[in-house]
Chemist: 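Before I ask anything, let me first share the structure, which is written out below as structure tokens.
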Amino acid sequence: MAMKYVMLKLDGGELLPLLFPEFMQHSHMAQSVPATVVSAGRVYLEDGKIVARGASSSPDVYSREEDSGIIQAYFDGQNVIQQMP
């Protein structure tokens, strides 16, 4: 089962993944938080690892290679907010 996600860039430059169910729209979630959407797509669990891929037509953004690792870090309990370069 997949979930959708948006990767948000907060005012301080921190990256924060927001995961939500399939029936919700990327655009609605993106508008619900005062932050910039840097990527979006779907999250899958494959061989015990989080894999982020795909895209969103609204907003028009794509998943990024580093998104999987950022989301995985949250599930691993690291709770480290990543800084966007």
Side-chain angles (χ1 to χ4, degrees):
M1 183 176 94
M3 292 187 76
K4 292 181 178 179
Y5 82 96
V6 292
M7 187 68 67
L8 303 171
K9 180 181 176 188
L10 305 177
D11 287 343
E14 306 91 353
L15 293 175
L16 179 67
L18 181 59
L19 280 65
F20 51 95
E22 283 282 334
F23 69 86
M24 299 176 82
Q25 298 295 316
H26 284 107
S27 59
H28 293 155
M29 294 305 293
Q31 293 168 1
S32 69
V33 181
T36 303
V37 176
V38 295
S39 57
R42 285 181 170 76
V43 174
Y44 303 87
L45 188 61
E46 296 179 359
D47 297 324
K49 295 240 180 208
I50 298 286
V51 177
R53 61 175 178 250
S56 169
S57 58
S58 63
D60 186 21
V61 291
Y62 299 88
S63 60
R64 301 172 310 145
E65 189 173 322
E66 59 267 34
D67 290 350
S68 298
I70 293 169
I71 296 168
Q72 184 72 54
Y74 277 87
F75 281 99
D76 289 345
Q78 294 177 19
N79 272 346
V80 176
I81 295 183
Q82 304 289 321
Q83 292 288 330
M84 185 165 179

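As a basis for the values below, the full set of heavy atoms in this structure was taken, side chains included, without hydrogen atoms, waters or symmetry mates.
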Chemist: With clusters defined by side-chain heavy atoms of hydrophobic residues (ILVMFWY) lying less than 4.5 Å apart, directly or transitively, does Ile70 cluster with Leu18?
Modeler: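 As far as the 4.5 Å side-chain criterion goes, Ile70 and Leu18 are not connected within one cluster.
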Chemist: Does the side chain of Leu8 reach to within under 4.5 Å of the side chain of Thr36, using non-hydrogen atoms?
Modeler: no
Chemist: Tell me whether Met7 shares a hydrophobic cluster with Phe75, the cluster being built from Ile, Leu, Val, Met, Phe, Trp, Tyr side chains joined at under 4.5 Å.
Modeler: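 The answer is yes; both residues are in one hydrophobic cluster.
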Chemist: Can you tell me how far apart CD (Gln25) and OG (Ser57) are? Round to the nearest 0.5 Å.
Modeler: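 It comes to 8.0 Å.
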Chemist: Indicate, with yes or no, if Tyr44 and Phe23 share a hydrophobic cluster defined by side-chain heavy-atom contacts under 4.5 Å among Ile, Leu, Val, Met, Phe, Trp and Tyr.
Modeler: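 Result: no, two separate clusters.
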Chemist: What distance do Tyr74 atom OH and Leu19 atom CG have between them, rounded to the nearest 0.5 Å?
Modeler: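 Those atoms lie 11.0 Å apart.
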Chemist: Does the side chain to side chain contact (heavy atoms under 4.5 Å, CB included) test come out yes or no for Arg64 and Leu15, once each step is laid out?
Modeler: CA-CA 12 Å; Arg64 301 172 310 145; Leu15 293 175; 3.7 Å; yes
Chemist: Mind jotting down which residue pairs meet the salt bridge (charged side-chain N to carboxylate O under 4.0 Å, His left out) criterion with at least one end in residues 50-60? Sequence neighbours excluded, please.
Modeler: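 For residues 50-60, and leaving out neighbouring residues, the salt bridge (charged side-chain N to carboxylate O under 4.0 Å, His left out) pairs sorted by first residue read Glu46-Arg53.
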Chemist: Looking at every non-hydrogen atom in both residues, tell me the closest pair between Ile50 and Gln72 and how far apart they are.
Modeler: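 Taking every non-hydrogen atom into account, N-OE1, 2.8 Å.
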Chemist: Could you point out which residue of Met29, Arg42, Met24 forms a side chain to side chain contact (heavy atoms under 4.5 Å, CB included) with Lys4?
Modeler: Arg42
Chemist: Only one of Val37, Val38, Leu16 passes side chain to side chain contact (heavy atoms under 4.5 Å, CB included) with Lys9; say which it is.
Modeler: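 Result: among Val37, Val38, Leu16, Val38 is the only option passing the side chain to side chain contact (heavy atoms under 4.5 Å, CB included) with Lys9.
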Chemist: Val43 and Tyr62: same hydrophobic cluster, using ILVMFWY side-chain contacts below 4.5 Å?
Modeler: no
Chemist: Rounded to the nearest 0.5 Å, how far does CG of Asp67 lie from OH of Tyr5?
Modeler: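 So the gap between those two atoms works out to 3.5 Å.
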Chemist: Under 4.5 Å between side-chain heavy atoms, hopping through other hydrophobics if needed: is there a path connecting Leu45 to Ile71?
Modeler: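 Yes, Leu45 connects to Ile71 through the hydrophobic network.
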Chemist: Quick check: closest heavy atoms across Val61 and Ala40, and the distance to 0.1 Å?
Modeler: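 Closest heavy-atom pair between Val61 and Ala40: CG2-CB, 3.5 Å.
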Chemist: Would a distance-only check, ignoring hydrogens and angles, find a side-chain to backbone donor-acceptor pair under 3.5 Å from Ser63 to Gly54?
Modeler: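 Flag set: sc Ser63 to bb Gly54 pair under 3.5 Å.
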Chemist: Test of understanding: with ring-ring contact (aromatic ring centres under 6.0 Å, His included), list the residues that count as partners of Phe20, not counting sequence neighbours.
Modeler: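 By the ring-ring contact (aromatic ring centres under 6.0 Å, His included) rule, Phe20 matches His26.
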